[in-house]
Amino acid sequence: MVATFSEIQALLGAPQFNSSDPEPWLALQQELGVEFPVEFREIVDAYGSIEINGQLYLKHPAGHLLHDLGTMIRGDLELWSEEDMAEFLPSPVGANPGELMPVATATTGEAVFLRVPESPASPWRVVVQEMDSPAWTLYAMTFSEWLLAYLEGRDVTLCSRDRAPDGTFWEFLP
C-alpha cells in the first residue's frame with residue numbers, strides 16, 4: 001500500500017509551511033550526494049520544521065530556519081559514524097546504496113533513517129534505531145507509509161497512541 005499525501009494530511013491537518021522553493025533541497029542533495037525521495041520532500045515542503053504529537057521532529061532544509069534538516073543530518077552523520085555508535089545500526093550512515101541517511105528524531109530517543117536504495121529501481125526504506133537500547137528495526141515501507149502508520153497509532157518503534165489520545169497534532173519548531 002502506498003500512502004498518499006492526502007491520507008497524511010487528513011490525519012495531520014492542513015499544512016501551513018507550503019514551500020515551493022527547490023533550492024534548499026538541491027543544495028542539500030548536492031552536498032550529501034543523494035536525492036531524497038519525492039514523497040519525503042513533499043511532506044517536509046508542506047509542513048516545514050515541526051514536532052508531531054510532542055514526539056517526532058521533522059525538519060525542512062531551508063537554511064534560514066532555526067531547526068533545519070541539513071544541520072541535523074550533518075550532526076547525525078558525524079555522531080553515527082563514530083565507532084562506538086556505528087555498531088548500533090545495521091549498516092553505515094551515508095549516501096551510498098544500502099547506507100542510512102538520518103532524517104528525523106524523536107523526543108523519546110529514537111533516530112529515523114532512510115535506507116538508500118541498492119538500485120535506482122529499489123524503494124527507499126525506513127530504519128528506526130532506539131537510543132536506549134541497541135535495537136533497530138527495518139520497515140519495508142516508504143517514509144510516507146511509515147509516517148502514516150505512526151499517525152494512525154500503529155507501533156512503528158515510535159508509537160503515538162499514548163501521546164495523542166485526542167488525535168494527531170503538530171506545531172512548528174521555534
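Please read these numbers as outputs of a predicted model, since none were measured by experiment.
- Counting all heavy atoms, side chain and backbone alike, Leu58 lies closest to Ile52 at CD1-CD1, 3.9 Å.
- In this structure, Tyr57 has its ring center no closer than 6.0 Å to that of His67.
- Checking Thr157 against Tyr150 by side-chain atom types alone, no donor-acceptor pair falls below 3.5 Å.
- Here CG of Leu12 is found 6.5 Å from OG1 of Thr168. Values are rounded to the nearest 0.5 Å.
- Using a 3.5 Å distance cut-off with no hydrogens or angles, the side chains of His60 and Asp68 do not pair a donor with an acceptor.
- For Phe40 and Trp124, the gap between ring centers reaches or exceeds 6.0 Å.
- Surrounding CD of Gln30 are at most 12 heavy atoms belonging to other residues, nucleotides or ligands under 6.0 Å away.
- The closest side-chain heavy-atom distance from Thr105 to Met72 is below 4.5 Å.
- For the 3.5 Å distance criterion, the side chains of Thr4 and Glu7 qualify, holding a donor opposite an acceptor.
- With no hydrogens or angles considered, a side-chain donor-acceptor pair links Gln55 and Thr108 at under 3.5 Å.
- Between Trp170 and Tyr47, a ring centre-to-centre spacing shorter than 6.0 Å is recorded.
- Atom CD of Glu31 has more than 12 neighbouring heavy atoms from other residues, nucleotides or ligands inside a 6.0 Å radius.
- Salt bridge status for Arg125 with Glu118: absent, with no side-chain N to carboxylate O gap under 4.0 Å.
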